[in-house]
> 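This is the structure I want to talk about, given as structure tokens.
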Protein chains: 2
Amino acid sequence: MLVWYICPMVAPPKIKHSKRRDEILRMAAQLFKEKGFAASTMRVLADRVGLEAASLYNHIRSKEDILAAICFGMAERYDAMMADLQREDISPIEQIKRLISNHIDLALQYPNETIVMDSEWSHMQREDRQRYRALISRYESQIINMLNTGMDNGSIALAHPRILMYSMLSSLKWLGAWYHPKREIPKEEINKTIQDLIIMGISQ
Amino acid sequence: MLVWYICPMVAPPKIKHSKRRDEILRMAAQLFKEKGFAASTMRVLADRVGLEAASLYNHIRSKEDILAAICFGMAERYDAMMADLQREDISPIEQIKRLISNHIDLALQYPNETIVMDSEWSHMQREDRQRYRALISRYESQIINMLNTGMDNGSIALAHPRILMYSMLSSLKWLGAWYHPKREIPKEEINKTIQDLIIMGISQ
DNA sequence: CCTACCGATCGGTAGG
DNA sequence: CCTACCGATCGGTAGG
């Protein structure tokens, strides 16, 4: 594992991408969201996928391997989104606006994975957990930089940027926890309401 | 249990309040916060309290009993705080301001219990879980009523009140997750920053 | 409050 | 991908 991470040319032992593996990860995200990682069992997961528990191990290395795949998969999506955002030449306020709607898009497209990533990451083993936390810290720093730039040019009111960042992110993270695509509020209204709330809240 | 809830005069079987029980609940809140409910074991809890696992059962009925005691204990505190707030004759904006600072006070006074209540409640058994959800729903409705009153009298900008309520609560809930009393931001700055953010965000 | 212990269930492996 | 199974550990009880 260590060798594989340091030298990505060496493939991890025997496990590859496959439709089956993707299906296992998708069902696992749903299960982990419902019960939490620790209370989810491989037997229940296997049942939902339509396999025996032992057969899962042809597609995944361990229970923690599934969690890591979900968390890092989502972290990469958020990371790519942030990289795109940074490449655009727009004002900090406009950056924050787009960040909000991109977050909502991802949270609604991957509701289970987003919740698992945010609330189950601590169950990864030490090495993965530290690597994951480093990614998240970098992401949070990029948001703080946006806020600081806006405070410097006077478009954002002076305030503790870390508190603003956490307030913003927590409002967005919990979308997936209460949003039910069928019978609830349309995405556009969510986007407008949260954007207005946050932008009004931070504007100078 | 059902009888006890309907008719509180009948005491629940044999377990009473005691210093020891309070200590177990306090250590359990810390453990559940660290590992989550499902990944916390009675043996580790017993170890932290300084007992054998079997001895815990002289003070609590079951693992779920501990979780329920923590969740309902906190729910009562939030409920009492809300009742006090409703009794005061102040404007909706002023109510929301006080609600925010009361939330921050409770989150900083009971950081472990607040996180456990918010993120582990779903591990209670059916009956307790439903009773707990009813309490929370009522609490959320009271906040929505505040917001609606403010929108009616023109002091709060028109927006979907449920989204505002969830955004507000999630900003506050996650305080305990990243606030470290020693080396971080003073409470007053947190209070001011979050109050400004939310009040500016919702004001007309 | 402890020693001793139980049935159930867990993640995972062997071997085909 | 399944049958068969393992060692470990879980929440909880009996009895003192």
Side-chain angles (χ1 to χ4, degrees), chain A residues 1 12-32 34-71 116 120 122-129, chain B residues 1 12-32 34-71 116 120 122-129:
Chain A
M1 188 60 185
K14 74 186 164 172
I15 311 266
K16 305 192 173 190
H17 286 277
S18 71
K19 292 271 171 204
R20 197 56 128 175
R21 183 178 156 93
D22 289 343
E23 194 197 352
I24 291 172
L25 295 181
R26 231 183 48 243
M27 298 305 280
Q30 192 179 352
L31 182 61
F32 293 173
E34 287 172 26
K35 315 259 187 196
F37 175 76
S40 298
T41 73
M42 298 304 275
R43 281 158 178 83
V44 169
L45 175 58
D47 218 57
R48 293 196 182 185
V49 178
L51 294 176
E52 291 302 314
S55 305
L56 290 172
Y57 292 86
N58 291 306
H59 305 281
I60 53 103
R61 266 163 301 195
S62 66
K63 193 185 174 191
E64 268 114 350
D65 179 41
I66 300 177
L67 180 60
I70 293 171
C71 291
V116 169
E120 305 298 330
S122 62
H123 291 98
M124 282 188 282
Q125 22 216 36
R126 226 179 68 104
E127 196 186 328
D128 283 337
R129 202 172 59 236
Chain B
M1 190 56 187
K14 75 185 167 175
I15 310 264
K16 306 191 175 194
H17 286 277
S18 71
K19 292 271 172 208
R20 195 56 128 175
R21 182 177 155 93
D22 288 343
E23 194 197 353
I24 291 172
L25 296 182
R26 232 183 47 244
M27 297 305 280
Q30 192 180 352
L31 182 61
F32 292 173
E34 287 173 26
K35 315 260 187 196
F37 175 76
S40 299
T41 73
M42 298 304 276
R43 281 157 178 83
V44 169
L45 175 58
D47 218 58
R48 293 196 182 185
V49 178
L51 294 176
E52 290 303 314
S55 305
L56 291 173
Y57 292 87
N58 292 305
H59 305 281
I60 54 103
R61 268 163 300 194
S62 66
K63 194 186 174 191
E64 268 113 351
D65 180 41
I66 300 178
L67 179 62
I70 293 170
C71 291
V116 168
E120 304 297 330
S122 62
H123 291 98
M124 283 189 280
Q125 21 216 37
R126 226 179 67 106
E127 197 187 327
D128 283 338
R129 201 172 59 235

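Residue numbers begin at 1 in each chain, while the letters A, B, ... track the order of the sequences.
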> Side chains of A:L67 and A:H123: closer than 4.5 Å at any heavy-atom pair?
yes
> To check you understand the geometry: which heavy-atom pair defines the closest contact between A:I60 and A:M42, and what is its length?
CD1-CE, 3.7 Å
> Atom CZ in A:R43, atom CG in A:L51: separation rounded to 0.5 Å?
14.0 Å
> Regarding A:E34 and A:R48, does a basic nitrogen lie under 4.0 Å from an acidic carboxylate oxygen?
yes
> Starting at the 5' end of DNA chain D, write a dot or bracket for each base, bracketing those in Watson-Crick or G-U wobble pairs whose two distances are under 3.5 Å and using | for partners on another strand.
||||||||||||||||
> Whole angstroms only, please: what is the CD-C1' distance between A:E52 and D:dC2?
7 Å
> What is the per-nucleotide protein-contact pattern of nucleotides 5-16 of chain D, from the 5' end, where B denotes a base atom under 4.0 Å from a protein heavy atom, S denotes such proximity for sugar-phosphate atoms only, and - denotes neither?
-----BBBB---
> Side chains of B:R20 and B:V49: does their closest heavy-atom pair fall under 4.5 Å?
yes
> Is there side-chain contact between A:R61 and A:I66, with at least one heavy-atom pair below 4.5 Å?
no
> Can you tell me how far the CG atom of A:D22 sits from the NE2 atom of A:H59, to the nearest 0.5 Å?
11.0 Å
> Counting C-beta onward and ignoring hydrogens, is there a side-chain heavy-atom pair between B:K63 and B:F37 closer than 4.5 Å?
yes
> With a 4.0 Å cut-off on heavy atoms, is B:L51 in touch with a base, just the backbone sugar-phosphate, or nothing at all?
sugar-phosphate
